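Protein chains get the first letters and strands the later ones, always in sequence-line order, with residue 1 at the start of each. These numbers were taken from a predicted model, which means no experiment stands behind them.
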There are 2 protein chains.
Amino acid sequence: MAKGNHRNYHHGELRDALLDAAETLVHERGVEGWSLREASARVGVSPSAAYHHFASRDALVRALSERVLARLGERMSAAAGHEPERGSEPDSESDSEPDAEPDSDPQERLVAVGRSYVRWALEEPAVARLAFGAGATDPDTSISPHPHDVLDAELDRLVDAGCLGVSARPGAEFVVWAAVHGLATLLADGLVSLDGPQAVDREAERVVRAVLGGLTQETAVSPTWPTARSAHTERLAERRAGGSSARGGIGR
Amino acid sequence: MAKGNHRNYHHGELRDALLDAAETLVHERGVEGWSLREASARVGVSPSAAYHHFASRDALVRALSERVLARLGERMSAAAGHEPERGSEPDSESDSEPDAEPDSDPQERLVAVGRSYVRWALEEPAVARLAFGAGATDPDTSISPHPHDVLDAELDRLVDAGCLGVSARPGAEFVVWAAVHGLATLLADGLVSLDGPQAVDREAERVVRAVLGGLTQETAVSPTWPTARSAHTERLAERRAGGSSARGGIGR
DNA sequence: CGTGAATCTTAACATCGCTCAGATTGGTGT
DNA sequence: ACACCAATCTGAGCGATGTTAAGATTCACG
């Protein structure tokens with residue numbers, strides 16, 4: 001309003017402030033019910049100011065998706081038992097996750113991880129939809145504990161404990177990821193309804209246990225499974241190889 | 001162009017023409033890369049003409065989602081073996097589905113159904129994303145063979161053949177739906193990549209077999225599973241009960 | 001205190017979803 | 001044949017959006 005309002009200068013923190021505003025807007029209005037202008041106004045800044053921190057509205061959405069996916073990864077990691085590795089201060093948020101006990105049974109750990117995945121999708125459906133639908137993320141930004149990596153580590157732990165045969169291990173992460181992700185998106189998109197968070201927990205457990213039971217049964221011939229690749233790990237590999245984005249066929 | 005161009009009057013068929021145009025636009029530009037104005041222009045009609053057939057752009061998207069979901073259901077049904085029940089003419093489209101043989105093994109039928117689900121999501125990722133993300137559909141429009149119902153019928157067939165215990169049957173459709181849907185959306189959203197449609201088929205088969213193996217293993221105590229509800233069947237039930245949309249808490 | 005880079009603003013453009021008042025069309029009854 | 005009516009589409013326009021260009025403001029540092 002006033003011309004000389006020098007409070008509008010967020011030095012270095014405008015980017016995060018915009019991400020915060022966008023995230024609460026997604027909570028309030030859904031994935032598409034908000035505008036760059038509105039997020040800028042909430043931070044007390046002109047619309048064009050955002051373009052000094054994000055190349056486009058889509059870039060804002062992608063950045064938010066990365067931030068949110070990383071938080072999901074931390075949540076899964078915490079649900080597995082050990083504290084999030086890159087844990088900044090515990091955020092003092094409500095510690096109301098009943099998955100508190102650091103479980104030693106790797107099978108129960110996996111169940112807890114899957115449960116936290118779908119519970120998150122149900123608690124913030126709009127954010128989850130945005131996170132999953134934001135397409136390939138920024139090629140030079142990595143997601144701290146990516147959900148895929150958390151599942152990967154838990155499955156390794158399962159074969160170490162002898163709960164899963166080594167022949168079934170390659171690509172098993174994608175099988176349980178698919179199952180958990182499917183339930184999460186079916187709930188977040190409103191295609192399936194469950195009565196209360198308790199029923200959601202039980203359904204998530206059933207899905208994880210079913211797919212896990214099927215994987216341990218995988219003793220028959222079944223030569224080699226197709227090698228799936230997570231867009232996230234693929235991006236990391238490209239970056240390590242010296243990411244001249246010659247091919248760069250992901251973000252398309 | 002010319003003022004007296006009486007070709008602009010699509011009597012009764014404008015609605016379908018707009019849906020067609022929107023669908024090809026989704027194919028060309030993705031889920032959000034098109035406008036109502038553009039779809040109207042392709043049909044040779046002014047933008048406001050569309051509002052005599054759809055209450056809003058969102059209604060157009062929802063209607064398209066229904067049409068597309070119904071086609072997915074028909075495709076799944078065809079992949080299971082028997083021809084689509086409400087089969088209009090075979091559309092003379094490429095009959096290149098290798099799932100031609102009407103399989104009698106109910107387990108293989110389920111695998112074929114799941115395979116067709118994720119193959120479809122990979123062949124038209126943008127359309128699939130639109131179909132799944134269009135929120136709750138129109139309360140008074142039913143999807144002819146809904147994907148959920150096809151899975152439901154196949155699972156019934158499995159317990160009839162003795163491949164699945166009756167105790168594991170209730171809600172089992174949602175478990176395999178979650179698994180298949182998860183792989184489909186992970187692929188459509190680009191979070192996971194596979195090399196070629198053959199690898200996609202194999203991965204889909206692995207997911208279905210794993211979740212099915214886990215379900216048949218479900219003999220232990222495990223009291224009653226949570227009762228999940230598909231938004232589609234719920235809508236049908238409401239309509240039968242005399243759908244005074246007093247509660248109508250779905251489409252929100 | 002002044003200079004330059006970082007940061008934000010003002011103004012504007014093209015496009016979008018959507019509305020409203022009116023023109024055009026095709027059929028129906030007489 | 002004509003007049004009328006409902007269905008259908010057009011045209012102009014409103015407010016808002018993403019995005020850009022050019023200019024103002026602020027801060028850190030000499």
(message) For the backbone of A:G73 and the side chain of A:S77, can you confirm whether one donor and one acceptor N or O come within less than 3.5 Å of each other?
(response) no

(request) Flag the pair B:L19 / B:E23 as yes when at least one side-chain heavy-atom distance between them is below 4.5 Å, and no otherwise. (result) no

In whole Å, I'd like the distance from the [atom1] atom of [X] to the [atom2] atom of [N].
| X | N | atom1 | atom2 | answer |
| --- | --- | --- | --- | --- |
| B:E38 | C:dA14 | CD | C1' | 14 Å |
| B:F54 | C:dT19 | CZ | P | 15 Å |
| A:L14 | D:dC27 | CG | P | 14 Å |

(request) Nearest-nucleotide wise, let me know which of A:A49 and B:W34 is further upstream toward the 5' end of DNA chain C. (result) A:A49

(message) Taking the basic N atoms (NZ, or NE/NH1/NH2) and the acidic carboxylate oxygens, is any pair closer than 4.0 Å for A:E124 and A:R71?
(response) no

(request) Measure up the B:H146 and B:H232 rings against each other and bin them: parallel (under 30°), tilted (30 to 60°), perpendicular (over 60°). (result) parallel

(message) Would you call the rings of A:F132 and A:Y117 parallel, tilted or perpendicular, taking 30° and 60° as the class edges?
(response) parallel

(request) Could you check whether B:S46 gets within reach of a base, just the sugar-phosphate, or nothing at all, counting any heavy atom under 4.0 Å? (result) base

Produce the list of close N/O pairs, under 3.5 Å, pairing protein atoms with atoms of nucleotides 19-23 of chain D; give distances to one decimal.
unit_1 : atom_1 : unit_2 : atom_2 : d
D:dT19 : OP2    : A:Y51  : OH     : 2.8
D:dT19 : OP2    : A:R57  : N      : 2.7
D:dT19 : O5'    : A:Y51  : OH     : 3.3

(message) For D:dA7 and B:H53 - does any side-chain N or O of the residue sit under 4.0 Å from the phosphate oxygens OP1/OP2?
(response) no

(request) Under 4.0 Å from any atom of DNA chain C, heavy atoms only: list the residues of residues 16-27 of chain B that qualify, in numerical order. (result) none

(request) Decide if atom CD of A:E28 counts as having more than 12 heavy atoms of other residues, nucleotides or ligands within a radius under 6.0 Å. (result) yes

(message) I'd like to check the side chain to side chain donor-acceptor pair (under 3.5 Å) partners of B:E38; sequence neighbours left out, ordered by chain and number.
(response) B:R29

(message) Just verifying a value: how many Å separate A:L183 CG and A:L191 CG, rounded to the nearest 0.5 Å?
(response) 11.5 Å

